[in-house]
Structures are given as structure tokens and as C-alpha cells.
Amino acid sequence: MFVDYAATGQEALSRIARADDLDTLERLRVALLGKHGSVSALLKTLGGMSPEERQSEGPEIHALREQVTSALAGRKAELEQAALDARLATETVDLSLPAAEVPKGSVHPVSQVMDELAEIFADMGFAVATGPEIEDDWHNFTALNMPESHPARAMHDTFYFPDTGPHAGTHGGRMLLRTHTSPVQVRTMVSQGAPVRIIAPGRVYRSDSDATHTPMFHQVEGLVIDRGIHLGHLKWTLETFLKAFFEREDIVLRLRPSYFPFTEPSVEADVGFALENARRVLGGSGDEPGHGWMELLGSGMVNRRVIEMSGLDPDEWQGFAFGVGVDRLAMLKYGMDDLRAFFDGDVRWLRHYGFSPFDQPTLSAGVGARA
Ligand code: PHE
């Protein structure tokens, strides 16, 4: 048998060189070096040769197999590199293109205003306190000097939990959704004693629903308890707060006698506004022509019975408290007119009225958000 190994080798090498994708090359490898491949077949012929033949043919056949093996490996590396180059060419990143838009969340006006309030009051030395939204009737009513007969306790004004089962409050009363943030006054005095200087922002609930009332809304409570606190402190605090919040030096307050069971005397605070293009713009006295007064918040000197029920001696400790609607503050400052939209969760509304998370309220830069 005569085999022209050189020719066989040439032929194999040129087929390898012509293989232009990895699949073709793999098929070629099987055809040459596989179990039934042609080079493998040549190797098998060694077994049937005489020792002399084997001595002369053996090195040639082995050399052929080496040649084919390394040619296959070389071509494989080339094809893989080419495939990689092709992929890299299509996957380049053009850094000069504008970045793709990522949907961004926004800060809800209620959160924004609560942050602004915390900032303003922190500057006056107030801490932020919280209390539970599921409250018992002792903290929500009794300790705030609201007797059993008080109209706010009526079923149609307040959301009560069933009075059976594991719902008894700390004082045995019924559980309810708190109707105001005032129970945090009691909780704070009971838990930390005096003196106290806190605001308590949070959700409150009443069964009420129209364009300016929703069953859930937000209030911020303020409470100062110390020695020798009087109405002057209350007036200064409210004025300073409202000027900082509305970012106007010309905010004018009118304090009007009022009634709340938990304050004595009680004071309703109105702010003066001017009508500009049928819109109310806060500022100036409400008594000027074309102006008016708008009721803004309830406040007063904490009733001594509340101080007593909260475990403090009312002859030693006095103070003032106020409560104001956060949603209402947001509406007045940022110009929304339907409260219900606050809680619909409509993304279009949020995009329009929401604030940038990077826009932190600070007093030095003016506490309001740059919309
Ligand atoms: N809690 C009262 C309300 O919800 C507001 C208020 C708070 C009044 C503190 C006086 C003092 O209407």
C-alpha cells in the first residue's frame, strides 16, 4: 500500500484553511480525527504493518496527525477571534448618545410639606413625635377633656372598631382611627414628662367626604410645655412658622376666641389674604379693601385638666398646642384645589404636583421646593 502522506496532509490543511465557520470546522475535525476519521484510519493501518514498514511509515503518519491537529486548533482560534470581533463591532456603546430616560418617582406634596414643617420647627427646637393611627378612646377623647357626650364621639363622625374582641385600649375603652393628632400630646407628656417641644405630623380619619374633606387626611400637631408659657409664645411661634412656610414676611395673623375642650383659652388663627385674579394670595391684613381672613388652624393654651390627666402638675407646667391640616397647607402653598386628587394615586397628578427627591427643604435656601 502506498499512501502519499504529503498530499493527504496538503489536502487536509487546505480544507481546514477554507472552513469559514466553527460548525464546518468541527465537522472537518470529526472527518479527520474522529473515530472513523481519515487520519484516524491511517493510524490504524500501523497495526497491520511489518516492523520495518512501521518504522518508516509511523513517523510520517504521526507527523501528519500533529500537523492536522495543530492546523485545526489554529483555525479554531482564528474563527473564534473573528466571531468576537464581529460581536464587539455591533455592541459598541456610543457614549455621546443621551442616556435613556428612566422613570423617576416624585415626592408627594404631603410629604414635601411635612418635610418643610419638620425643617421649620427643628430650627425652633422642636422634635418630631409620633403616635398610633389606631388609637383608644381614652387618648383620642377622654384625656383630651372630651366628655362622653361630645359630638365628635358620635358614630357618624368617627371610625370605631368593634367593641368586642382584642380591641380594648389601655384604659379599657374602644379602639378607633384617631380623629386628630392631639392624642400625641397626651402620649408625649405621659412618656417623656416635661418640658416638651414637639410637632406630630400624621394621618387622621373622619367619616367625611367632599371636595375639601376626605375620610383620611393629614394634620400636624404642635405642643410646647414648660414653665411660664403664655399666649405670646403661641402667637410668636405661629407667626414665625407661617412666615417661614409661606415664605412671605407680610403674613398677618388674626387670633379669634374659640372653643376646644383640650385648650383654655382656645384660639382660632386666621390669615389675611388678597384676591388676585379670583385667587386667594396669602399676605397682608384681611381688613384691607379687597382682602379677607381665612381660617387656618386651631390652637390654645393646653387645658390644665389635660396636663393633669397626662401625669403632670398643671400648677408647675403650662403650655400651648395647635393643630393644622397639612393637606390644606399644601393646597394653599402649591395651588391645588381638589383635596381628593391628593389620594387618588393618579400618576399624571403626581408628575405635575410632585417634587424632586433631590430638592431637600432647607431654611437657608428658603424652605419651599423649586417646582
Ligand atoms: N385637634 C383639633 C382639631 O382637629 C385642632 C387643635 C389642636 C386645636 C390643638 C387646639 C389645639 O380640630
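FYI, side chains are in, hydrogens and waters are out, and symmetry mates aren't considered; it's all heavy atoms of this structure. Counting convention: from 1, in listed order, for ligands and their atoms alike.
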**Student:** Could you check Glu133, Glu135, His180 and say which one makes a side chain to side chain donor-acceptor pair (under 3.5 Å) with Tyr205?
**Tutor:** Glu133

**Student:** Without swapping roles, check the side chain of Asp344 against the backbone of Asp346 for a donor-acceptor pair under 3.5 Å.
**Tutor:**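 Side chain of Asp344 to backbone of Asp346: no pair is present.
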
**Student:** In terms of side-chain heavy atoms, does Glu264 have a donor or acceptor partner in Tyr259 at a distance below 3.5 Å?
**Tutor:**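 Note: Glu264 and Tyr259 side chains miss the donor-acceptor criterion.
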
**Student:** For Arg54, look at atom CZ and say whether over 12 heavy atoms of other residues, nucleotides or ligands are found less than 6.0 Å away.
**Tutor:**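 Counting neighbours around CZ of Arg54, more than 12 heavy atoms of other residues, nucleotides or ligands fall under 6.0 Å, so yes.
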
**Student:** For ligand 1, what are the residues with a heavy-atom contact below 4.0 Å?
**Tutor:**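 Answer by chain and number: His180, Ser182, Gln185, Arg206, Gln219, Glu221, Phe260, Phe262, Thr263, Gly298, Ser299, Ala321, Phe322, Gly323.
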
**Student:** Do His108 and Trp349 make a side-chain contact, defined as non-hydrogen atoms from C-beta onward lying under 4.5 Å apart?
**Tutor:**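 With C-beta onward as the side chain, the pair touches.
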
**Student:** After noting the C-alpha distance and the side-chain angles of Asn140 and Thr179, does the key distance pass the side chain to side chain donor-acceptor pair (under 3.5 Å) rule?
**Tutor:** CA-CA 7 Å; Asn140 194 82; Thr179 58; 3.0 Å; yes

